[in-house]
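We number each residue from 1, following the sequence as shown. Because the structure is predicted, anything quoted here is derived from the model rather than measured.
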Amino acid sequence: MGTKKTRKFKAEVQQLLHLIINSLYSNREIFVRELISNASDALDKARFKEQTQPELFSDDNDYHIRISLDPEKKTFQISDNGIGMTLDEVNENIGTIAQSGTAAFMKAIENSKKENLLTPELIGQFGVGFYSAFIVADKVMLDTRAQGEKMGTRWESDGKGSYDVQEIEKEKRGTTITLFLKDPEEGEQDFTEEYTIRHIVKKHSDFVSYPIIMNVEASEPIPENEIIKDSNGKPIGDTFRKIRKDETLNSRKAIWSKAKEEVTPEEYEEFYKHISHNWDKPMEIIHKRFEGVTEYDVLMYLPSKAPFDMFRPERKHGMQLYCKRVFIMDDCKELLPEYLGFVQGIVDAPDLNLNVSREILQEDRLVRNIKKNLVKQIFSVLEGMEKEKYEEFYIEFGQALKAGIPTDFENKEKLAALLRYKTTKSDGKYVTLDEYIANMKEGQKEMYYLTGENLTSLINSPLLESLKAKDYEVILMVDPIDEWVTQSLHEYKEKKLKSAEKGDLDLDKVDDAKKNEYSALLSFLKGKLEGKVKDVVVSARLTDSVSCLSGDDWGMSAYMEKILKASGQKSPEQKRVMEVNVNHPVLAKMKVIFETDTTNPVLKDYSELLYDIAVISEGGKLDNPAGFSKQLGDLMAKSL
């Protein structure tokens, strides 16, 4: 061995170590991913160099990563037979921040492009991630030997300000990193347990393209001639014995990086189950390689069934982000908008930094470009689905698409085209907004809709009577999210959306003579219902019913009020307008009584009844149901 030399970390490295241990890596197990990623990068470089200098690697080109655990010594060791490092490279790469020793390597790649030589599929970075080892280790020791070098280099440090380097003898090319682990606290993972490491590799590095090997405990049947048997020939004791054997921990099936033609339907389905934990078959698969200034692979699945927790705030997004087949993060909200969080899949972007944070992702130009392309692809698939298949999808995920209308201004028109609604004339079938427009009657200027709790109450609502009389179709909206849709989607293809319960429908003008004839009675009714209604007016909506409640153009609908109350939120106090049908016999008789005796107590009772009838007709709750029941019973008794 050579002479050991002690050197101090540069100031920025000490700051980095502090940052990593205390904030950057909140998940302790992440060091396994980082060290595997670095090993994979070293193998990539060796494989690249082998393409131009095969004679240097002929003695050891079975590229792999090996993990070794020693519970007694409390060590975790990872080794590779990659490119290795010289003493100078160790000092440059490990002693300073953001130096990966790849500047010259990247330059070589640029030159290889000019010379039309082969380039490696994956190019990595050896830098910041290495320091994550100090999250779990009291001391880290790195032994490495570069290809073509006679001697190796050892680097070791406790991460507290300095490191030691020295020359060593090392038989083979590559790097071995040994972590002398801290004692795990109660409830923390033990990184010397085979099960723990197997689980972490499967989770974070399953699709690394090189085998990740670990010598594990296994059992095998004892050969028949070695089994101890009794006089009857029956085995005595165990028929299996414990052995140690090498096991490859990762599947290496990065199917997203393959051409579509090379992936079988079974492989697609198996991978979908793996990432989604969903045993239903996906409805659609989107597998594409984007090429241009940057390249990245995308594999996305549109599920066939909505998850039960789709709208729960704590639910994770289905997209995972990889960099060169190395897992970076799941629940990657930066890759798709919130309303498409049900989509399951992978984006593998080689140009991303492995240690990129969510905050950086939000500002990353590449990520924004990826997001835009992913959304475009999803829309393209949805728009191209056959009608029956899309309706199956829409029944499951229609509410999610609706949630995009208020939040995704850029794609609002495309989302609106994907909406489906049942209407007063669709006989229980879905129609598109385009189909609604095609069915509009001559002279109809607006697209009419009504929101509410269920189709039966909507289709029979008195608010629709005059619209039905004109044979106008009305869109029936029964999802709570529709209230937010209508607040954002004011028009579609130059046709305004108009609520059947808000403002003036501008269908028929109220007869001025009738208005004047009933004005005194309406003023009386307004006075009696002063605490409940904003006004009492002659209705242009009603043709059969006696009364209904309507709102202002920009006021809150009755259904919205109900949603807010049900969720425990306070809704702003708002009085609505009571509309009465002056062509109804009840109003005619009330007018006669009013003109005869304004003090008749029947008028007060009828005022209350008119209001209660209007509330009930829209599915509302009465303030005094017992009083309504008594009044109704008295009326029935008098009429019999």
Side-chain angles (χ1 to χ4, degrees), residues 421-428 431 436 439-478 482 486 496-515 517-518 521-522 525-526 529 532-553 555 557-562 576-591 606-607 609-620 622 632:
Y421 288 105
K422 294 176 182 177
T423 73
T424 50
K425 299 173 77 172
S426 68
D427 196 25
V431 299
Y436 178 94
N439 294 334
M440 286 172 67
K441 294 293 179 182
E442 188 176 345
Q444 182 182 343
K445 297 177 181 178
E446 297 173 308
M447 303 171 70
Y448 295 102
Y449 70 87
L450 185 62
T451 60
E453 217 159 358
N454 59 72
L455 287 171
T456 304
S457 65
L458 290 185
I459 208 163
N460 293 301
S461 171
L463 294 165
L464 305 185
E465 288 175 359
S466 61
L467 291 166
K468 287 179 180 177
K470 287 192 172 292
D471 200 28
Y472 286 177
E473 189 171 18
V474 181
I475 298 166
L476 306 175
M477 300 181 169
V478 294
D482 287 321
T486 56
K496 288 188 176 180
L497 271 74
K498 173 70 177 172
S499 170
E501 72 165 307
K502 294 182 187 178
D504 193 343
L505 294 183
D506 294 324
L507 296 175
D508 294 308
K509 288 189 176 180
V510 177
D511 191 318
D512 287 337
K514 283 276 187 184
K515 257 188 186 180
E517 185 183 342
Y518 279 85
L521 176 59
L522 297 186
L525 292 175
K526 182 180 177 182
L529 299 171
K532 297 180 178 180
V533 300
K534 180 179 180 180
D535 200 358
V536 180
V537 300
V538 176
S539 180
R541 284 180 169 82
L542 302 173
T543 58
D544 300 317
S545 301
V546 67
S547 64
C548 70
L549 294 173
S550 63
D552 296 328
D553 274 316
S557 72
Y559 189 39
M560 186 64 161
E561 265 191 282
K562 188 180 287 188
R576 305 177 73 210
V577 174
M578 186 170 82
E579 299 186 11
V580 293
N581 181 1
V582 294
N583 295 315
H584 197 284
V586 166
L587 264 295
K589 290 179 181 179
M590 284 185 71
K591 179 172 171 289
Y606 277 29
S607 302
L609 273 173
L610 285 175
Y611 176 76
D612 286 348
I613 288 168
V615 171
I616 290 171
S617 69
E618 68 177 17
L622 300 178
L632 194 61

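Here D544 contributes atom CG and H584 contributes atom NE2; the two are 8.0 Å apart, rounded to the nearest 0.5 Å. Taken to the nearest 0.5 Å, the CG atom of L463 stands 6.5 Å off from the OG atom of S617. Rounding to the nearest 0.5 Å places CG of L529 at 9.0 Å from CG of D612. To the nearest 0.5 Å, atoms OG1 (T423) and CG (L450) are separated by 12.5 Å. Atom CD in E465 sits 12.5 Å away from atom CG in L507 (nearest 0.5 Å). Separation of atoms CG (L464) and OG1 (T543) is listed at 10.0 Å; rounding is to 0.5 Å.
Annotation: side chain of D553 is in contact with side chain of K498 (closest heavy-atom distance under 4.5 Å). Using a 4.5 Å cut-off on side-chain heavy atoms (C-beta onward), L587 and N581 make no contact. Side-chain atoms of Y448 and T424, non-hydrogen and from C-beta on, never get closer than 4.5 Å to each other.
Under the rule for a side chain to side chain donor-acceptor pair (under 3.5 Å), the partners of Y421 that lie at least two apart in sequence or sit in another chain are D482. Every side-chain contact (heavy atoms from CB on, under 4.5 Å) that D504 has, sequence neighbours left out, goes to D506. Under the rule for a side-chain contact (heavy atoms from CB on, under 4.5 Å), K445 has no partner lying at least two apart in sequence or in another chain. Judged as a side chain to side chain donor-acceptor pair (under 3.5 Å), and not counting sequence neighbours, the contacts of R576 are E501, E618. Partners of D552 according to the salt bridge (charged side-chain N to carboxylate O under 4.0 Å, His left out) rule, which considers only residues two or more places apart in sequence or in another chain, are K534. Applying the salt bridge (charged side-chain N to carboxylate O under 4.0 Å, His left out) rule to K514 yields no partners; only residues at least two apart in sequence or on another chain are considered. Shown here are the side chain to side chain donor-acceptor pair (under 3.5 Å) partners of K468, two or more places apart in sequence or in another chain: there are none. Scanning for side-chain contact (heavy atoms from CB on, under 4.5 Å) contacts around L525 gives L521, L522, V536, M590, S607, L610, with sequence neighbours left out. Judged as a side-chain contact (heavy atoms from CB on, under 4.5 Å), and not counting sequence neighbours, the contacts of I616 are L622, F628. With sequence neighbours excluded, the residues forming a side chain to side chain donor-acceptor pair (under 3.5 Å) with S539 are E579, listed by chain and number. Take K532 and apply the salt bridge (charged side-chain N to carboxylate O under 4.0 Å, His left out) test, not counting sequence neighbours, and it matches E608.
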* To do: Check the pair L505 / R541 against side-chain contact (heavy atoms from CB on, under 4.5 Å), numbers first and verdict last.
  => CA-CA 8 Å; L505 294 183; R541 284 180 169 82; 3.6 Å; yes

* To do: Dump the intermediate steps for side-chain contact (heavy atoms from CB on, under 4.5 Å) on K422 and L455, then the final yes or no.
  => CA-CA 8 Å; K422 294 176 182 177; L455 287 171; 3.7 Å; yes

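Residue pairs meeting the salt bridge (Lys or Arg N to Asp or Glu O under 4.0 Å) criterion with at least one partner in residues 448-462, sequence neighbours excluded, are E453-K562.
Around atom OH of Y606, no more than 12 heavy atoms belonging to other residues, nucleotides or ligands sit under 6.0 Å away.
When all heavy atoms of T456 and N460 are compared, the closest pair comes out as O-ND2, 2.8 Å. Minimum heavy-atom separation, V546 to V586: CG2-CB, 4.0 Å. For L542 against P462, the heavy-atom pair with the smallest separation is CD2-O, 3.4 Å.
A donor-acceptor pair under 3.5 Å is formed between the side chain of Y436 and the backbone N or O of E473.
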